[in-house]
Enquirer: 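My structure is below; once you've seen it, I'll send some questions.
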Amino acid sequence: MPELPEVETMVRGIRPFVEGRTIAAVRVCGCRCRPITLFPGLKSMARRSVGRHVAAVRRIAKRVVMELDSGDAFVIEPRMTGLMLLHDPPDPEHLRIEWRFAGRREFNSVWFWDRRGLGTVRLLTAVEFAELSGGGLLGPDALTMTANDLRERMAATRRPVKVALLDQRLVAGIGNLYASEILHVARIHPAVPAARLTAPQADRIHAATRLVLEDAIRHEGSTLGDGTYRNVLNQNGGYQNSHRVYDRADEPCPTCRRAKVIRIVQAQRSTFFCPVCQRKRQH
DNA sequence: CATATGTCCTGAGAGC
DNA sequence: TGCTCTCAGGACATAT
């Protein structure tokens with residue numbers, strides 16, 4: 001499930017082969033699948049982008065953005081199972097969109113591949129794009145937010161801190177996997193109401209967020225048991241081997257080695273934590 | 001307004 | 001063996 005580290009890995013992976021290139025074609029590919037959500041339709045997408053240069057490739061929260069010299073921007077949301085690929089898809093039938101570039105280099109296309117098809121590809125105008133990135137729909141980026149950002153955001157909701165960390169309007173980029181990892185490093189119980197966090201506790205979450213996300217980026221993200229996430233060369237990420245608690249119910253806590261990691265459900269999502277290291281009341 | 005739940009989708013695994 | 005059922009969760013829509 002692509003969260004900030006996986007999407008950052010996609011961006012860094014395609015950037016050297018996409019930035020500065022001229023778009024020669026955009027087409028729908030794959031076969032038996034229901035078409036994924038495209039906005040606007042493929043025709044106007046192609047009309048507005050073919051012949052344009054890709055001015056920049058960057059990440060906004062959990063989205064990949066390819067900005068064109070016209071000011072329009074492709075915004076790709078991988079959601080659960082989407083990937084950006086330079087070649088060699090996990091399977092050919094779930095390829096969804098291909099961007100082909102003019103000229104001949106090592107890679108001349110980039111693909112969006114998506115097994116479940118929940119992802120979206122949109123071509124936004126400069127105005128629409130500005131609304132997305134600065135319209136209050138997304139909180140500060142989890143990788144660059146300040147400690148004060150996080151304290152203020154957490155103070156604004158009574159929801160459990162784990163659930164609050166998943167709200168992209170509060171903090172952008174954290175998903176279900178990294179929320180558990182971050183809270184374990186920060187030694188915070190996931191059910192604590194966010195507004196009840198003390199300032200030092202919120203600061204621990206801030207520091208843990210940076211630590212965990214940067215480490216996960218270094219390892220090129222997490223490839224879970226279902227093998228869905230792959231980097232742009234269709235290789236596994238490596239951070240799953242460093243997971244402390246996620247999907248490790250009944251295994252010993254890597255910190256205290258005494259308690260077993262337990263799994264609870266919050267807002268219909270799995271949360272993993274150590275009941276000893278992440279006690280609600282600390283002494 | 002804040003919070004909670006339902007929906008989309010496919011493949012893996014369980015159970016009979 | 002082969003069927004049906006449940007589960008996984010990011011973001012958005014709808015309900016309370």
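A, B, ... follow the sequence lines: proteins, then strands. Residue 1 opens every chain.
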Enquirer: Could you check whether any side-chain heavy atom of Val276(A) comes within less than 4.5 Å of a side-chain heavy atom of Arg258(A), counting everything from C-beta outward?
Expert: yes

Enquirer: Scan nucleotides 11-16 of chain C nucleotide by nucleotide, 5' to 3', and note B when protein non-hydrogen atoms come under 4.0 Å of the base, S if they reach only the sugar-phosphate, - if neither.
Expert: BS----

Enquirer: Just checking Tyr246(A): base, sugar-phosphate only, or nothing, at a heavy-atom cut-off of under 4.0 Å?
Expert: sugar-phosphate

Enquirer: I'd like to check Ser222(A) versus Leu177(A) (side-chain heavy atoms, cut-off strictly below 4.5 Å). Are they in contact?
Expert: yes

Enquirer: In whole angstrom, give the distance that lies between atom NZ of Lys162(A) and atom C1' of dG10(C).
Expert: 12 Å

Enquirer: I need the minimum non-hydrogen distance between Lys280(A) and Ala191(A), along with the two atoms involved.
Expert: CE-CB, 3.9 Å

Enquirer: Distance check: side-chain N/O of Tyr229(A) vs OP1/OP2 of dA8(C), anything under 4.0 Å?
Expert: no

Enquirer: Give me the bend of the helix from dA2(B)-dT16(C) to dC16(B)-dG2(C), using the axes of the five pairs at each end, rounded to 10°.
Expert: 50°

Enquirer: Checking all strands, does Thr120(A) fall into the base, sugar-phosphate, or nothing category for heavy-atom contacts under 4.0 angstrom?
Expert: nothing

Enquirer: Measure from CG on Asp167(A) to P on dT3(B) and round the result to the nearest Å.
Expert: 9 Å

Enquirer: Would you say Asp149(A) and His206(A) make side-chain contact, with heavy atoms under 4.5 Å?
Expert: no

Enquirer: Take atom CZ of Arg96(A) and atom P of dC9(B), then tell me their distance rounded to the nearest Å.
Expert: 11 Å

Enquirer: Is there a side-chain contact between Pro5(A) and His219(A) in this structure, where contact means two heavy atoms from C-beta onward sitting under 4.5 Å apart?
Expert: no

Enquirer: So, does His94(A) get its side chain near the phosphate of dC9(B), meaning an N or O under 4.0 Å from OP1 or OP2?
Expert: no

Enquirer: Any heavy-atom pair between the side chains of Gln201(A) and Val161(A) that's under 4.5 Å?
Expert: no

Enquirer: Stepwise, does the salt bridge (charged side-chain N to carboxylate O under 4.0 Å, His left out) test hold for Asp141(A) with Arg59(A)?
Expert: CA-CA 10 Å; Asp141(A) 190 85; Arg59(A) 178 184 61 77; 2.7 Å; yes

Enquirer: Go nucleotide by nucleotide along DNA chain B from the 5' end; which of Ala156(A) and Asp91(A) gets its closest nucleotide reached first?
Expert: Ala156(A)

Enquirer: Could you tell me the separation between the CZ atom of Arg116(A) and the P atom of dA8(C), rounded to a whole number of Å?
Expert: 11 Å

Enquirer: What is the distance, rounded to the nearest whole Å, between atom CG of Leu118(A) and atom P of dA8(C)?
Expert: 16 Å

Enquirer: Let me know which of Phe272(A), Tyr178(A), Tyr239(A) forms a ring-ring contact (aromatic ring centres under 6.0 Å, His included) with Tyr246(A).
Expert: Phe272(A)

Enquirer: What nucleotide among dG9(C), dG6(B), dT3(B) has an atom nearest to a side-chain atom of Met1(A)?
Expert: dG9(C)

Enquirer: Hey, are Glu3(A) and Tyr229(A) close enough side-chain-wise for a donor-acceptor pair under 3.5 Å?
Expert: no

Enquirer: What is the distance, rounded to the nearest whole Å, between atom CZ of Arg115(A) and atom P of dT10(B)?
Expert: 12 Å

Enquirer: Met45(A) versus Phe74(A): any side-chain heavy-atom pair under 4.5 Å?
Expert: yes

Enquirer: Can you measure Glu3(A) atom CD to dG9(C) atom P for me and round it to whole angstrom units?
Expert: 10 Å

Enquirer: Does dT3(B) have OP1 or OP2 sitting under 4.0 Å from an N or O in the side chain of Thr157(A)?
Expert: yes

Enquirer: Between Leu177(A) (CG) and dG9(C) (C1'), how many Å, whole number?
Expert: 11 Å

